[in-house]
Structures are given as structure tokens and as C-alpha cells.
Amino acid sequence: MKKEITLVHSQCILFFLWGYLLLLERAVGDPRSQTVKIMCGNQLEHNTTIFVPNFVATMENISEQMRTTGFGEAVTGSGPNTNYGLAQCYGDLSLLDCVLCYAEARTLLPQCFPNNGGRIFLDGCFMRSENYSFFEEYTGSGDLAVCGNTTRKNSKFQESARQAVMRAVASAPSHGNYARAKIAASGSNESAYVLANCWKNLNKSSCEACLENASVSVLGCLPWSEGRALNTGCFLRDHNSDSSFSSQFLGGCGSCNSYWSSYLEAEIHTKEKKR
């Protein structure tokens, strides 16, 4: 009985500590769940009775994967009612922020119903659903740039932005389809920050092609201080503020919550053995 009480007590401690970590992450993290663009297909679903449960099942499957890897793809059903889904968080998000961003995307994408497909770009993640296999696609007619239009930057900042974009685009395909870059603008205290991310299911050559196309789109946003490329197989963003990205740009720890939760579990296990 004493062992059972001790075990329950330890589990309660772990539960409350984990809850504290969640609150801490919400306080200092940022899931970047602001919607950049939602794009819906132009064909209606085939059979609502089958389509909706298939969509829900696909999203549930992906949700389980997102909690551990920040990426997920799934297929549910057969024939014209098959649902193919893919979701991914950008590489600088912690897993907790990733789950929050995905939850927002999953809430918004059903706005495309009764169309049978759609995709949504948020500032921290991406999600797409179709009734055909699109997993190897990296370019398409829907690729576009979204430019900021509030601040025009001088030529020195523009040059630093070009360098940062080129550096991130060149690095990502060889580093897990993700890279970031920071280049200081000459003669000022400003820097250009760039994030480049291909979907994890794409091979190196597809990632290269997607980001090369995306870089042209983003650089076309200059002299504005911000630009995003929303491509079929990748996401590219440049900005003049590090606050638009994760603390990892500044050497922060985007996954410290995972470390501390593991540490706490180990400590409780050690105390249990001593008892």
C-alpha cells in the first residue's frame, strides 16, 4: 500500500511539473499561429458521408506524428473519397509550439469544405489535404509571394537580405531541408533574418528546386522589410526582426521543455529506487 501511495504521489508531482512546463512554454514560446494564407481547391468533395470521416481520421493520424516529430503525413480511404494529408512545423519551433500551431491549422483548414482539397500557411507551420497523392509535388500554379508593405529598407539592408536568402537556400537541402541565416546590414544595427524550410518528405533535388524558385519570389519583395514565399513544397521568409522567429536565432533552446521533462522523470525514478 505504501509503495502504491508513493507511486501515485510521484506521478502527481510529475503531472504538476509537466503542467508547469506547459505554462512556461506558453509564456516564453510562440507557436506563430497567425494565418498567412489559406488556399482551397476548386472541386467539390465526392461523398460527404465518407469524405468527412476520412478527413478527420487523417488529421488524427497526423496529429499523433506531430507530437513527436513536427511532421506528419497520412492516407485514409480509397477511390475518389481518399484523403491525403500532410503537415509540418518549421524547424525553429519547439514541439509544444508545433502542436499549438498545428491545432490552429487543423481548425482553419475545414473552411475549404465542401471543396475536396486545400492548404494553409501559418507563420509557424503548414498543412495540406487533397483527394490525390501530392506528396512528391514541390512546385505548382498556386505558388506565390506575400510581401510586407509597411517599411521600405535602404540598399545596404537589401544587400544583407539577398546574402541571407542565398545562404539559407543553399544550406537547407543538405541540412534536413531546413536552414536559417542572419546577415548584419553594413553601417547599421539592423540584420536580415531568413528561414528556409522544405517539407521533410521531399528529396534534396526537389528541395533545391523549390527554394530556388521561392528565393526569386521573396527577393522580389525588396525593398520592403519582409517577404514570404508560399510554395507547394517549401516556405521561405525574410524579415528585419528576430522577434518574428524562434529564440534559436539567438542561440535559445527551442526544446528545453523536452530536456527538463526527461530530467524530472529521471529524478523521480531515482527517488523511487531509494525508497
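Everything numeric in this text was worked out from a predicted model, so none of it was measured.
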A.B. asks: Side-chain contact, heavy-atom cut-off 4.5 Å: Leu211 with Pro173?
C.D. replies: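 The answer is yes; the side chains approach within 4.5 Å.
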A.B. asks: Going through the checks in order, is the side-chain contact (heavy atoms from CB on, under 4.5 Å) test met by His46 and Phe51?
C.D. replies: CA-CA 7 Å; His46 185 260; Phe51 173 85; over 6 Å; no
A.B. asks: Taking all atoms of both residues into account, what is the closest heavy-atom pair of Leu202 and Gly233, and its distance?
C.D. replies: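 Closest pair (atom of Leu202, atom of Gly233, distance): CD1-O, 3.3 Å.
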A.B. asks: Closest heavy-atom contact between Ala181 and Ala164?
C.D. replies: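 Taking every non-hydrogen atom into account, CB-O, 3.5 Å.
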A.B. asks: Give, for atom OH of Tyr138 and atom SG of Cys210, the distance between the pair rounded to the nearest 0.5 Å.
C.D. replies: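 Between atom OH of Tyr138 and atom SG of Cys210 there are 9.0 Å.
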A.B. asks: Linking I/L/V/M/F/W/Y whenever their side-chain heavy atoms sit closer than 4.5 Å, directly or via other members, would Phe134 and Ile120 fall into one cluster?
C.D. replies: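 In one cluster: no.
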A.B. asks: At their closest point, which heavy atom of Ala105 faces which heavy atom of Cys125, and how far apart are they?
C.D. replies: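 Looks like CB-SG, 4.4 Å.
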A.B. asks: Walk me through whether Leu122 and Val36 qualify under side-chain contact (heavy atoms from CB on, under 4.5 Å).
C.D. replies: CA-CA 5 Å; Leu122 282 71; Val36 179; 5.6 Å; no
A.B. asks: Would you say the side-chain atoms of Gln158 and Asn154 include a donor-acceptor pair closer than 3.5 Å?
C.D. replies: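 Looking only at side-chain atoms, Asn154 and Gln158 do not form any donor-acceptor pair under 3.5 Å.
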A.B. asks: Side chains of Tyr193 and Glu226, heavy atoms from C-beta outward: is any pair under 4.5 Å?
C.D. replies: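 Sidechains of Glu226 and Tyr193: no contact.
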A.B. asks: Whether the Asn197 and Asn177 side chains hold a donor-acceptor pair (N or O, under 3.5 Å, no angle test) is what I'd like checked.
C.D. replies: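 Asn197 vs Asn177: no donor-acceptor pair found between side chains.
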A.B. asks: A side-chain contact here means heavy atoms from C-beta on lying under 4.5 Å apart; do Val218 and Arg162 qualify?
C.D. replies: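 Counting from C-beta outward, Val218 and Arg162 never come under 4.5 Å.
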A.B. asks: Determine whether the side chains of Asn131 and Thr82 contain a donor N or O and an acceptor N or O closer than 3.5 Å.
C.D. replies: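 No donor-acceptor contact under 3.5 Å links the two side chains.
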A.B. asks: In Å, rounded to the nearest 0.5 Å, how long is the span from OG of Ser217 to CG of Asp143?
C.D. replies: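 Answer for the OG-CG pair, Ser217 versus Asp143, is 7.5 Å.
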A.B. asks: Going by atom types alone, do Ser129 and Asn83 pair a side-chain donor with an acceptor below 3.5 Å?
C.D. replies: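 A donor-acceptor contact under 3.5 Å links the two side chains.
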A.B. asks: Under the disulfide bond (SG atoms under 2.5 Å apart) rule, what do Cys89 and Cys101 come out as? Steps first, then yes or no, please.
C.D. replies: CA-CA 8 Å; Cys89 290; Cys101 189; 5.3 Å; no
A.B. asks: Where the side chain of Lys200 meets the backbone of Thr69, is there a donor-acceptor pair that is under 3.5 Å apart?
C.D. replies: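 Between the backbone of Thr69 and the side chain of Lys200 there is a qualifying donor-acceptor contact (under 3.5 Å).
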A.B. asks: Before accepting this row, confirm whether a basic side-chain N of the pair Arg228/Asp123 lies closer than 4.0 Å to the acidic partner's carboxylate O.
C.D. replies: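 Yes, Arg228 and Asp123 are salt-bridged.
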A.B. asks: Run the salt-bridge test on Glu190 and Lys153 with the 4.0 Å N-O cut-off and return the result as yes or no.
C.D. replies: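 Judged by the 4.0 Å cut-off on N to carboxylate O distance, Glu190 and Lys153 do form a salt bridge.
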A.B. asks: Transitively linked via ILVMFWY side-chain contacts under 4.5 Å: Met59 with Ile50?
C.D. replies: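 No, Met59 and Ile50 fall in different hydrophobic clusters.
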A.B. asks: Between Phe157 and Asn240, is any pair of side-chain heavy atoms under 4.5 Å apart?
C.D. replies: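 Counting from C-beta outward, Phe157 and Asn240 do come under 4.5 Å.
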A.B. asks: Got a second to check how far Arg237's CZ is from Cys221's SG, nearest 0.5 Å?
C.D. replies: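 Arg237 atom CZ to Cys221 atom SG measures 11.5 Å (nearest 0.5 Å).
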A.B. asks: Looking only at the aromatic ring of each residue, does the gap between the centers of Tyr90 and Phe235 stay below 6.0 angstrom?
C.D. replies: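 Yes, ring centres under 6.0 Å apart.
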A.B. asks: Between Ser171 and Arg167, is there a donor-acceptor pair closer than 3.5 Å when you use the side chain of the first and the backbone of the second?
C.D. replies: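 No; judged by distance alone, with no hydrogens or angles, the pair does not exist.
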A.B. asks: So if you build clusters from Ile, Leu, Val, Met, Phe, Trp, Tyr with side-chain heavy-atom gaps below 4.5 Å, do Leu222 and Val194 land together?
C.D. replies: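 The answer is yes; both residues are in one hydrophobic cluster.
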A.B. asks: Answer yes or no: is there a donor N or O on one side and an acceptor on the other, between the side chain of Glu159 and the main chain of Ser186, under 3.5 Å?
C.D. replies: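 Side chain of Glu159 to backbone of Ser186: no pair is present.
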A.B. asks: Do you know which two heavy atoms are closest between Cys40 and Asn115, and how far apart they sit?
C.D. replies: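 Shortest heavy-atom separation between Cys40 and Asn115 comes out as CB-ND2, 4.0 Å.
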A.B. asks: Do Phe126 and Leu86 come close enough that some side-chain heavy atom pair is under 4.5 Å?
C.D. replies: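 Side chain of Phe126 against side chain of Leu86, heavy atoms only: contact under 4.5 Å found.
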A.B. asks: Could you tell me whether the side chain of Cys98 reaches within less than 4.5 Å of the side chain of Met66, counting heavy atoms only?
C.D. replies: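 Yes - at least one pair of side-chain heavy atoms lies under 4.5 Å apart.
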A.B. asks: Any Lys/Arg nitrogen of Arg180 or Asp238 sitting under 4.0 Å from an Asp/Glu carboxylate oxygen of the other?
C.D. replies: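 Answer for the salt bridge query: no.
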A.B. asks: Run Trp199 and Cys234 through side-chain contact (heavy atoms from CB on, under 4.5 Å) and show every step you take.
C.D. replies: CA-CA 6 Å; Trp199 313 149; Cys234 60; 5.6 Å; no
A.B. asks: Between Tyr102 and Gln65, is any side-chain donor less than 3.5 angstrom from a side-chain acceptor?
C.D. replies: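 Looking only at side-chain atoms, Gln65 and Tyr102 do not form any donor-acceptor pair under 3.5 Å.
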A.B. asks: Minimum heavy-atom separation for Glu130 and Gly117, please, with both atom names.
C.D. replies: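 Where Glu130 meets Gly117 most closely, the heavy atoms are OE1-CA, 3.4 Å.
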A.B. asks: For Val169 and Ala196, work out which heavy atoms get closest and say how close.
C.D. replies: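 Closest heavy-atom pair between Val169 and Ala196: N-CB, 4.5 Å.
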A.B. asks: How far apart are the C-alpha atoms of Met166 and Leu219, what are their side-chain angles, what is the distance that settles it, and do they pass the side-chain contact (heavy atoms from CB on, under 4.5 Å) test?
C.D. replies: CA-CA 10 Å; Met166 293 301 102; Leu219 293 178; 3.8 Å; yes
A.B. asks: Less than 4.0 angstrom from a charged side-chain N to a carboxylate O is my criterion; do Glu73 and Arg128 meet it?
C.D. replies: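 No salt bridge links Glu73 with Arg128.
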A.B. asks: Before you tell me yes or no, could you show the steps for Glu137 and Tyr132 under side-chain hydrogen bond (donor to acceptor under 3.5 Å, both in side chains), namely the whole-Å CA-CA distance, both residues' side-chain angles and the distance that decides it to 0.1 Å?
C.D. replies: CA-CA 11 Å; Glu137 293 181 1; Tyr132 70 93; 3.2 Å; yes
A.B. asks: Hydrogens and angles aside, do Glu45 and Thr48 bring a side-chain donor and acceptor to less than 3.5 Å of each other?
C.D. replies: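 Side-chain D/A pair, Glu45 to Thr48: present.
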A.B. asks: Regarding Asn61 and Thr58, do their side chains bring together a donor and an acceptor under 3.5 Å, going by distance alone?
C.D. replies: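 No - no donor-acceptor pair under 3.5 Å links their side chains.
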A.B. asks: Can you see whether Thr139 engages Thr232 through a side-chain donor-acceptor pair at a distance of less than 3.5 angstrom?
C.D. replies: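 Thr139 vs Thr232: no donor-acceptor pair found between side chains.
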A.B. asks: Around Gln43, counting heavy atoms of other residues, nucleotides and ligands shown, do more than 12 lie under 6.0 Å from its CD?
C.D. replies: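 Counting neighbours around CD of Gln43, 12 or fewer heavy atoms of other residues, nucleotides or ligands fall under 6.0 Å, so no.
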A.B. asks: If you define the side chain from C-beta out and look only at heavy atoms, does anything of Met39 sit under 4.5 Å from Leu144?
C.D. replies: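 Yes; the side chains approach each other to less than 4.5 Å.
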A.B. asks: Output the distance between atom CG (Leu195) and atom OH (Tyr178), rounded to the nearest 0.5 Å.
C.D. replies: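 The CG atom of Leu195 sits 5.0 Å away from the OH atom of Tyr178.
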A.B. asks: Would Ile62 and Ile38 show up in the same hydrophobic cluster when neighbours are defined by side-chain heavy atoms closer than 4.5 Å?
C.D. replies: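 They do share one cluster, since a chain of ILVMFWY contacts under 4.5 Å joins Ile62 to Ile38.
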A.B. asks: Should the pair Glu60-Arg106 be classified as a salt bridge under the 4.0 Å nitrogen-to-oxygen rule?
C.D. replies: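 Salt bridge present between Glu60 and Arg106.
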A.B. asks: I'd like to check Asn201 versus Phe71 (side-chain heavy atoms, cut-off strictly below 4.5 Å). Are they in contact?
C.D. replies: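 Asn201 reaches Phe71 side chain to side chain.
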A.B. asks: Look up atom CD in Gln88 and atom SG in Cys198, then write down how far apart they are to the nearest 0.5 Å.
C.D. replies: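 Output value for this atom pair is 8.5 Å.
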